[in-house]
Number of protein chains: 2
Amino acid sequence: MELWYTEYQTKNVGITCKVKQTYHTEKTQYQDIALIDTEQFGKMLVLDGTVQTTIEDEFVYHEMISHVPLATHKNPKKALVIGGGDGGAIREIIKHPTIEKAVLCEIDGRVIEIAKEYLPEISCALTDEKVEVIVDDGIKYVNQHKNEFDVIMIDSTDPVGPAVGLFSKEFYKAIYECLKEDGIFVAQTESPFFHKDLIRNAFKNVESIFPIARLYTCAIPTYPSGYWSFTMGSKKYDPLETDLDSIPKLDTKYYCPQIHKAVFALPKFVSDIIK
Amino acid sequence: MELWYTEYQTKNVGITCKVKQTYHTEKTQYQDIALIDTEQFGKMLVLDGTVQTTIEDEFVYHEMISHVPLATHKNPKKALVIGGGDGGAIREIIKHPTIEKAVLCEIDGRVIEIAKEYLPEISCALTDEKVEVIVDDGIKYVNQHKNEFDVIMIDSTDPVGPAVGLFSKEFYKAIYECLKEDGIFVAQTESPFFHKDLIRNAFKNVESIFPIARLYTCAIPTYPSGYWSFTMGSKKYDPLETDLDSIPKLDTKYYCPQIHKAVFALPKFVSDIIK
């Protein structure tokens with residue numbers, strides 16, 4: 001018997017993956033969690049029926065949400081990840097040589113525990129001595145910490161369920177306050193093909209709060225349309241002015257200095273979204 | 001009753017689309033042709049079970065196979081498309097102001113006829129006075145024409161069935177001979193996630209024949225992994241040295257001067273493929 005897992009990415013299109021094995025399913029206080037093993041992408045974390053990360057292509061998302069802002073900042077010492085309970089962003093952050101502390105604030109502790117049990121390749125850095133793991137509401141955490149972080153990554157699920165508030169203007173304002181005077185934040189902002197309104201709203205909100213707002217993109221096969229966006233708000237540093245020679249050597253598979261500025265060069269239909 | 005069309009892009013992953021209507025199915029001398037209407041991507045041309053083009057995302061492929069080489073060439077007058085019977089590349093080519101003649105050489109005349117009947121948005125330029133449509137084997141055509149074209153696009157299906165020969169080193173040599181002394185050619189070379197060997201082989205072959213070989217990528221939701229590559233061979237002009245101010249104004253949705261060089265900035269795992 002062949003088992004296939006299908007995620008309907010919109011009402012009208014889905015991705016379907018041949019399943020080797022189901023390791024775990026669970027309904028937590030916040031969401032449904034599934035951990036399956038697929039033939040094409042290896043182990044896959046699924047939250048509320050939506051693929052979050054897979055062994056084969058997780059490197060793209062985790063490197064791109066982390067290294068673009070970290071390399072833009074001249075001297076990032078303290079970073080915060082909101083969401084991202086799988087630990088992938090944290091793993092990338094602590095590769096950056098100036099980082100002294102990385103805080104993970106994930107609302108659903110079960111995601112962290114399942115990632116630790118089944119996805120050690122991704123969650124491996126969560127026990128690092130530079131890392132603090134907090135199980136709490138990211139909005140509450142951000143509001144309680146002012147002028148504290150150099151870089152903040154909003155590594156959220158889609159804007160339904162527990163992540164809705166992470167896409168609001170009020171939250172972006174709180175992020176601004178939580179950052180130091182030269183801080184930078186990045187949020188994952190979905191697909192330029194399928195979620196134009198979300199990107200437009202997020203970008204306009206960020207632009208109204210931060211002196212520098214930028215959108216960049218990358219290719220992620222297991223995310224809707226395969227094409228993904230990140231919105232950056234920065235108080236001081238512009239990624240388009242990064243001195244590429246100053247970027248530290250990093251052990252990565254997608255991010256590299258050659259693409260640091262190129263990922264901000266947007267196809268016309270994408271730059272039209274945020275005009 | 002809901003109808004869904006699933007393309008298994010590899011043995012282990014597929015894209016599934018909700019179908020409004022099937023307009024046409026046919027078995028030609030060369031392949032199975034289907035023309036369906038989908039909710040997400042509109043009308044869709046399927047050859048041998050593989051999505052070739054859809055109304056919603058065709059602009060990416062057709063603009064990127066055409067405008068990158070055309071804008072790299074200083075003065076392209078005569079262009080050839082091998083394959084591409086839907087006419088999308090031809091539609092883009094004749095947007096370029098210096099083009100005097102565009103030849104389409106498609107082996108399967110039924111593809112052209114079905115595109116004319118069901119996809120006028122894409123095939124509209126096939127009746128333009130600058131366009132010559134030839135139903136013949138592209139390999140034969142290229143071997144019979146020497147030193148004739150400024151730009152050649154190999155707009156082929158996957159390297160199975162009628163397109164196998166279009167990925168061979170011998171064919172790339174014939175392309176070299178078919179081009180003028182400052183000619184450029186581009187071939188679609190599949191997904192950097194799923195078809196690494198194909199890209200490596202194509203690039204190495206092109207590199208062994210042309211003084212300048214370059215790989216560039218773009219995002220196409222309905223193609224495997226959503227991420228696609230093109231391999232360029234050029235006798236004289238380097239796309240990385242294009243004067244962006246010299247690029248003509250074009251009515252496009254994906255290609256624009258801002259991305260002309262950025263699309264050659266490859267993620268590390270992609271540049272590793274062709275190292």
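From a predicted model like this one, the values you see are computed outputs, not experimental measurements. Proteins come first, then strands; the chains are lettered A, B, ... in the order of their sequence lines, and each starts at number 1.
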field: CD on A/Glu63 to CZ on B/Phe269, rounded to 0.5 Å
entry: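 The CD atom of A/Glu63 is 10.0 Å from CZ of B/Phe269, to the nearest 0.5 Å.
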message: Which one wins on heavy-atom pair count under 4.5 Å against chain A: B/Val270, B/Thr10, B/Val13?
response: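 Top option by heavy-atom pairs under 4.5 Å: B/Val13.
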query: So which of B/Ala262, B/Gly14, B/Cys256 has the biggest tally of heavy-atom pairs under 4.5 Å with chain A?
result: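 Heavy-atom pairs under 4.5 Å are most numerous for B/Gly14.
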task: Can you tell which part of B/Tyr254 gets under 4.5 Å to a heavy atom of chain A, answering side chain, backbone, both or neither?
output: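 For B/Tyr254, backbone and side chain are both near chain A.
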So which bits of [range] come within less than 4.5 Å of chain A, counting non-hydrogen atoms only?
range                       : value
residues 214-234 of chain B : B/Ala219, B/Pro221, B/Ser225, B/Gly226, B/Tyr227
residues 240-252 of chain B : B/Thr252
residues 39-62 of chain B   : B/Glu39, B/Gln40, B/Phe41, B/Phe59, B/Val60

Region of [X] that comes under 4.5 Å of a non-hydrogen atom in chain B:
X        : answer
A/Phe194 : side chain
A/Ser191 : neither
A/Tyr8   : side chain

Minimum heavy-atom distance between A/Lys11 and B/Lys18, given as atom pair plus value: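 Closest pair (atom of A/Lys11, atom of B/Lys18, distance): O-CD, 4.3 Å.
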Side-chain heavy atoms of A/Thr6 within contact of B/Thr16, under 4.5 Å: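 SC-SC contact between A/Thr6 and B/Thr16 confirmed.
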message: Less than 4.5 Å apart, side chain to side chain, heavy atoms only: is that true for A/Leu266 and B/Ile259?
response: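 No. Closest side-chain heavy atoms not under 4.5 Å.
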- prompt: Got a sec, which pairs hit salt bridge (charged side-chain N to carboxylate O under 4.0 Å, His left out) with one end in residues 261-275 of chain B, sequence neighbours left out?
  reply: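 Listed by first then second residue: B/Lys268-B/Asp272, B/Asp272-B/Lys275.
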